[in-house]
Amino acid sequence: MPDQKYLYIKTFGCQMNVHDSEQIEELLKKEGYQKTDDAKRADLVITNTCSIREKAEHKAYSMLGRFRHLKELNPELIIGVGGCLAQQLGRNLFKKAPYLDLVFGTHNIHLLPEMIQQIKSNKNRIVETLFHESVKSLGIRTLPDNGCVSSYVTIMQGCNNFCSYCVVPYLRGREESRESNDIIDEITFLADHGVREVTLLGQNVNSYGETLPDGSNFPALLKRISDIKGIERIRFTTSHPKDLSDDLIRCYDTINKLCKHIHLPVQSGSDYILKRMNRRYTSEDYIKKVKKLREICPNVSITSDIIVGFPGESDNDFQKTIDLMEKVRFDNAFSFKFSFREGTSVEKLNGNIEDSVKSKRLSMLQSLQEKHSMEINKNLEGSVANILVEGFSKNDQADIMGRTSTNKIVNFTGDIGTVGKIVPVKIIKACTHSLRGKMI
Ligand code: SAH
Ligand code: SF4
Ligand code: F3S
């Protein structure tokens with residue numbers, strides 16, 4: 001066993017990045033690195049970055065700024081930057097932070113042990129941002145901390161959609177699905193170690209299997225996963241509305257273990273803007289799919305992502321987004337001001353929207369969403385929901401928490417011994433982003 005060393009890792013961005021960090025920890029555990037929450041104690045510091053919006057980029061820079069001083073305290077410290085911003089900037093990151101030792105891109109996680117070894121022996125900096133035909137870290141198995149009931153499983157990498165505003169296809173590469181047998185093996189392993197819920201990850205899970213020769217597809221994969229003993233709940237994120245097939249919608253009826261929630265980002269309610277975004281559906285297509293989903297699964301919860309202030313978005317286009325929200329009534333929505341990203345095709349479009357207009361639209365949209373979330377949650381008061389208990393509540397350690405199948409957080413007084421079990425809980429009070437319950 002190698003000497004005990006400490007790893008401090010800070011993660012920004014989406015669930016995909018969170019899971020990448022879990023895989024990094026797993027790889028480095030084998031090299032003798034134990035995770036620490038105290039950066040001053042670390043022998044190795046890694047920032048796993050995101051570049052989806054300018055704000056995400058700035059967060060990463062301010063984090064890197066804090067690491068400079070750590071290096072002054074400990075000259076032997078190795079500082080690495082991974083993730084989407086590392087992929088984007090490569091060696092240019094050294095200009096921003098000359099004290100960095102390592103920059104590694106989204107396809108090079110598997111090389112970490114080797115690169116760290118090289119830095120130690122040669123005292124040289126390393127940059128590795130090459131894309132490989134296949135992402136070798138896809139299958140690194142992580143076992144969540146003891147007692148953890150829910151786990152991420154990456155089923156595909158990359159994206160082929162090229163929405164005009166989005167950097168992801170450039171930073172994560174082309175779409176690549178993992179072999180279904182590998183996925184099944186991993187989930188069986190997780191179930192054998194106490195995991196009860198899996199969240200399948202991919203930028204567009206609906207097109208799972210398109211790059212595989214064996215004819216696998218997403219509904220068939222869901223069916224196979226639902227046959228795994230011990231797995232009680234299956235979630236997935238994200239699905240692109242254009243690829244939401246009738247077959248997948250039917251799974252909400254036929255696969256009991258499939259949670260009654262879908263994250264289906266609409267981005268805008270204006271067909272003109274959707275076209276400029278290269279989303280390849282209209283607001284009517286979207287509303288029709290929501291209707292079908294609700295016919296098959298009346299209580300399905302639907303959440304979304306929405307961008308305001310996309311170039312060329314008039315007051316009237318924005319109003320169409322509000323109209324769509326009124327028609328659909330999302331359970332929750334994440335909304336963002338459009339942020340220009342270098343290299344994306346939106347560059348060629350014009351019609352920049354002033355920041356003050358973006359802010360006004362964002363706050364209007366967010367108040368409407370809060371109103372809808374609250375009204376939907378209020379309607380649940382008095383009902384009984386099955387909750388998969390995850391652990392102590394974040395707000396109050398005297399409480400425990402879990403989620404409904406519809407992905408709503410419920411805090412309630414209960415026995416920590418129920419972690420990992422599905423228990424019936426009466427909803428007694430609604431809040432905008434969570435529910436208060438009572439175990440029955
Ligand atoms: N693959 C997923 C998520 C991608 S990123 C999907 O297609 O749904 C998450 C969200 O960030 C997107 O849904 C979009 O709403 C937002 N986003 C992406 N690029 C953006 C940009 N340049 N400016 C503002 N928001 C952006
Ligand atoms: Fe980005 Fe569009 Fe791909 Fe999602 S589907 S990652 S928004 S390009
Ligand atoms: Fe960010 Fe990359 Fe995810 S840009 S949102 S970390 S895929």
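Ligands are counted one by one from 1 in listed order, and the atoms in each one are counted from 1 as well. In this text, all values refer to a predicted model and were calculated from it rather than measured experimentally.
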- Does Gln203 have a non-hydrogen atom less than 4.0 Å from ligand 3?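 The answer is yes, since Gln203 has a heavy atom less than 4.0 Å from ligand 3.
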
- Judged by non-hydrogen atoms, does Leu171 sit under 4.0 Å from ligand 3?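 No heavy atom of Leu171 comes that close to ligand 3.
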
Would you mind checking which non-hydrogen protein atom is closest to [atom], with the distance to 0.1 Å?
atom                    : result
atom 25 (N) of ligand 1 : Arg53 NH1, 3.3 Å
atom 7 (S) of ligand 2  : Tyr165 OH, 3.4 Å
atom 5 (S) of ligand 1  : Ile52 CD1, 3.5 Å
atom 23 (N) of ligand 1 : Ser339 N, 3.0 Å
atom 9 (C) of ligand 1  : Asp305 OD2, 3.7 Å
atom 4 (C) of ligand 1  : Gln203 OE1, 4.0 Å
atom 19 (N) of ligand 1 : Tyr165 CD1, 3.3 Å
atom 3 (Fe) of ligand 3 : Cys14 SG, 2.3 Å

- Is a salt bridge present between Arg329 and Glu375, judged by a nitrogen-to-oxygen distance below 4.0 Å?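 Glu375 and Arg329: salt-bridged.
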
- Task: Consider only side-chain N and O atoms of Asp271 and Ser283, and report whether a donor and an acceptor are under 3.5 Å apart.
- Result: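 Side-chain D/A pair, Asp271 to Ser283: present.
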
- Query: Under 3.5 Å, is there a donor-acceptor pair linking the side chains of Asn181 and Arg224?
  - Reply: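 Checked: Asn181/Arg224 side chains pair up, N/O donor to acceptor below 3.5 Å.
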
- Query: Protein heavy-atom contact under 4.0 Å for atom 4 (Fe) of ligand 2?
  - Reply: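 Within 4.0 Å: no protein heavy atom nearby.
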
- Message: Suppose the criterion is ring pair (Phe, Tyr, Trp, His ring centres under 6.0 Å): which pairs have a residue in residues 287-328, not counting sequence neighbours?
- Response: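 Listed once each, the pairs are Phe310-Phe338.
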
- Task: With Glu25 as reference, evaluate Arg141, Lys35, Lys30 under the salt bridge (charged side-chain N to carboxylate O under 4.0 Å, His left out) test and give the passing residue.
- Result: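 Among Arg141, Lys35, Lys30, the one that satisfies the salt bridge (charged side-chain N to carboxylate O under 4.0 Å, His left out) with Glu25 is Lys35.
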
- Side chain, backbone, both or neither: Arg279 near ligand 2, heavy atoms under 4.0 Å: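 Side chain only.
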
Check [X] against ligand 1 and report side chain, backbone, both or neither, counting heavy atoms closer than 4.0 Å.
X      : answer
Arg341 : side chain
Gln267 : side chain
Val167 : neither

- Task: May I ask you to list the atoms of ligand 3 that are less than 4.0 angstrom from any heavy atom of Cys84?
- Result: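 Under 4.0 Å from Cys84, ligand 3 has these atoms: 2 (Fe), 4 (S), 6 (S), 7 (S).
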
- Message: Using a 4.0 Å cutoff against the non-hydrogen atoms of Cys50, which atoms of ligand 3 qualify?
- Response: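 Near Cys50, the atoms of ligand 3 are 1 (Fe), 4 (S), 5 (S), 6 (S).
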
- With atom 3 (Fe) of ligand 2 as the centre, enumerate protein N/O/S atoms below 2.8 Å in chain and residue order.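 Listed by chain and number, the nearby protein N, O or S atoms are Cys159 SG.
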
- Message: So that I know where these two stand, are Phe236 and Tyr208 an aromatic pair - ring centroids less than 6.0 Å apart?
- Response: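 So the answer is no for these two rings.
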
